[in-house]
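The block underneath contains the structure these notes are about, expressed in structure tokens.
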Amino acid sequence: MGIPKHIQRLKRSEGTKKFIEALEQDGGVIIEDFTDVGTIDQANTEVRPWIERQKSSQGAKVGALGGKTRTVTRLIMRSSTVREKFYADPLHQALCEHFLALETTTWYGDKAQTNISHPLLSIAIAFDIPPGTQAQGLHRDDKNHHARHIEATHYGRNRDMLLGLFVPGCDTRRENGATRVVPGSHLWGDEKPYFGSDRTQGVVDAELRKGEAFVMLGSLYHGGGTYEKPLTDDAENESRTVYAMFSCTGVHRQEEVSFLSYPIEEVKTYSKIVQERLGWKQSEPNLGWVDLKSPEFLLQG
């Protein structure tokens with residue numbers, strides 16, 4: 001099938017529908033005016049101390065992370081800016097709701113019952129990638145949920161169980177390893193993908209400026225690019241920082257165990273939408289309760 005050759009760049013004023021259409025067509029979209037540089041700088045200030053703690057240790061070696069990348073987990077707790085300005089952003093949440101909310105109608109005797117399960121935050125993590133980092137292999141992030149895919153020519157509702165938001169802490173471009181993506185690959189099946197003999201066929205760089213964000217479906221093939229060498233004279237302090245937040249459907253297991261990662265007294269200070277996305281609201285009809293009640297009552301008082 002034909003593959004789009006670029007990722008669309010849209011502004012908020014174009015409306016949520018345009019972003020939905022772009023995601024359905026390409027599997028990813030760039031929000032040009034997601035936030036402002038000052039807000040990015042504030043997030044960097046909040047997260048940088050956690051990154052600095054790892055400068056003398058080896059980076060994470062988990063999944064697609066090859067050992068050089070420094071990470072900040074429990075990111076929702078580490079940065080109120082990431083939590084309330086990025087993750088809780090209304091446009092981002094609207095896209096999560098559209099692609100991940102599940103609505104089903106079942107029968108209880110002669111009565112039809114319609115229930116909705118809302119998305120959950122699966123993981124929030126910061127990546128800090130130094131020069132000398134090789135490109136990741138192209139992959140799909142919904143592998144953690146054992147997702148299966150059937151090749152399609154058009155996007156169908158509830159095809160995905162995962163949606164990701166990437167907010168860069170600096171300008172990201174090909175030279176410092178901007179994420180490579182394969183537009184249209186979210187419609188592929190599970191056969192071994194072919195990216196050409198040089199592994200670049202259909203691959204584009206999702207380059208981002210500070211203040212922009214990239215949203216993608218969990219079924220989209222992507223991977224961090226090669227960050228071969230420093231681009232400045234301050235090689236020791238140079239890196240590419242990206243804040244990543246993935247949401248999953250309300251009936252799938254979260255990658256980060258939120259109830260162990262975020263203490264209840266901390267969660268009490270969060271906005272209602274963040275509390276709910278961490279799992280402190282029951283997924284209807286009957287998933288995630290405490291004493292047969294939706295757990296948000298534990299956050300009161």
Side-chain angles (χ1 to χ4, degrees), residues 7-44 46-47 75-103 116-126 155 157-158 160-169 206 208-218 220 242-250 254 256 258 262 266-284 296 299:
I7 289 292
Q8 295 182 57
R9 308 179 67 91
L10 301 175
K11 294 184 181 297
R12 290 178 182 272
S13 60
E14 297 181 70
T16 304
K17 183 179 179 182
K18 285 289 187 182
F19 286 94
I20 291 171
E21 291 172 348
L23 281 162
E24 290 181 345
Q25 175 182 301
D26 303 332
V29 65
I30 292 171
I31 307 173
E32 287 192 316
D33 52 352
F34 181 74
T35 188
D36 57 75
V37 171
T39 302
I40 295 292
D41 290 341
Q42 179 61 36
N44 289 343
E46 293 166 359
V47 176
L75 185 59
I76 291 299
M77 182 169 63
R78 310 298 189 204
S79 170
S80 60
T81 301
V82 170
R83 180 179 69 243
E84 304 297 349
K85 298 294 186 180
F86 301 166
Y87 181 70
D89 177 81
L91 174 57
H92 169 237
Q93 287 300 323
L95 295 174
C96 287
E97 191 72 17
H98 176 84
F99 284 97
L100 302 177
L102 302 172
E103 181 175 335
I116 299 176
S117 176
H118 298 285
L120 292 171
L121 172 67
S122 184
I123 184 173
I125 187 169
Y155 193 84
R157 185 82 178 205
N158 294 134
D160 278 270
M161 60 182 68
L162 197 70
L163 183 140
L165 170 69
F166 295 85
V167 183
L208 300 171
R209 293 183 290 272
K210 285 177 69 173
E212 297 182 334
F214 176 58
V215 180
M216 75 170 194
L217 299 173
L220 185 75
V242 179
Y243 305 112
M245 292 139 273
F246 280 90
S247 296
C248 63
T249 70
Q254 296 154 283
E256 183 178 44
S258 65
Y262 303 108
E266 173 79 16
V267 175
K268 286 181 179 180
T269 68
Y270 297 171
S271 62
K272 188 171 184 288
I273 187 65
V274 175
Q275 292 173 345
E276 292 177 356
R277 296 301 193 244
L278 286 175
W280 289 89
K281 182 178 182 180
Q282 179 173 290
S283 170
E284 298 299 338
E296 63 260 36
L299 298 176

Considering non-hydrogen atoms only, spot the tightest contact between [X] and [Y] and give its length.
X	Y	answer
Ala88	Val274	CB-CG2, 4.0 Å
Ala22	Val29	CB-CG2, 3.8 Å
Asn44	Gly169	ND2-O, 2.9 Å
Arg209	Pro168	O-CG, 3.9 Å
Leu23	Gly28	CD2-CA, 3.6 Å
Ala43	Phe86	CB-CE1, 3.8 Å

Q | Parallel, tilted or perpendicular: ring planes of Phe99 versus Tyr155, cut at 30 and 60 degrees | A | perpendicular
(Q) Would you call the rings of Tyr262 and Tyr270 parallel, tilted or perpendicular, taking 30° and 60° as the class edges? (A) perpendicular
Let me confirm one number: the [atom1]-[atom2] distance from [X] to [Y], rounded to the nearest 0.5 Å.
X	Y	atom1	atom2	answer
Leu163	Gln93	CG	CD	9.5 Å
Phe214	Arg9	CZ	CZ	11.0 Å
Leu75	Glu256	CG	CD	8.5 Å
Leu120	Ser283	CG	OG	7.0 Å
Glu284	Leu102	CD	CG	13.0 Å
Leu220	Asp160	CG	CG	9.0 Å

Using modelled atom types and a 3.5 Å cut-off, is there a donor and acceptor pairing between side-chain atoms of [X] and backbone atoms of [Y]?
X	Y	result
Glu212	Ile30	no
Asp26	Glu21	no
Glu296	Glu276	no

Q | Arg12 and Asp89: CA distance, side-chain angles, deciding distance, side chain to side chain contact (heavy atoms under 4.5 Å, CB included) verdict | A | CA-CA 12 Å; Arg12 290 178 182 272; Asp89 177 81; 2.7 Å; yes
Q: Could you tell me whether the side chains of Glu46 and Thr81 share a donor-acceptor contact shorter than 3.5 Å?
A: yes
Determine whether [X] and [Y] make a side-chain contact, defined as any pair of heavy atoms from C-beta on separated by less than 4.5 Å.
X	Y	answer
Gln25	Gln8	yes
Val82	Met245	yes
Ser258	Leu121	no
Glu24	His98	yes

Q) For Ile31 and His92, what are the C-alpha separation, side-chain angles and deciding distance, and is it a side chain to side chain contact (heavy atoms under 4.5 Å, CB included)? A) CA-CA 10 Å; Ile31 307 173; His92 169 237; 5.9 Å; no
Q: Determine whether more than 12 heavy atoms belonging to other residues, nucleotides or ligands lie under 6.0 Å from atom NZ of Lys272.
A: no
Q.
If you count heavy atoms of other groups shown closer than 6.0 angstrom to NZ of Lys210, is the number above 12?
A. yes
Q | Verdict with supporting geometry, Glu266 and Ile76, side chain to side chain contact (heavy atoms under 4.5 Å, CB included) | A | CA-CA 10 Å; Glu266 173 79 16; Ile76 291 299; over 6 Å; no
**Q.** SB check Glu32 Lys11 (cutoff 4.0 Å)
**A.** yes
Q: Please determine if Arg277 and Glu97 form a salt bridge, counting it only when a charged side-chain N lies under 4.0 Å from a carboxylate O.
A: yes
**Q.** CA sep, side-chain torsions, deciding dist, call: Leu299, Gln275, side chain to side chain contact (heavy atoms under 4.5 Å, CB included)
**A.** CA-CA 9 Å; Leu299 298 176; Gln275 292 173 345; 3.6 Å; yes
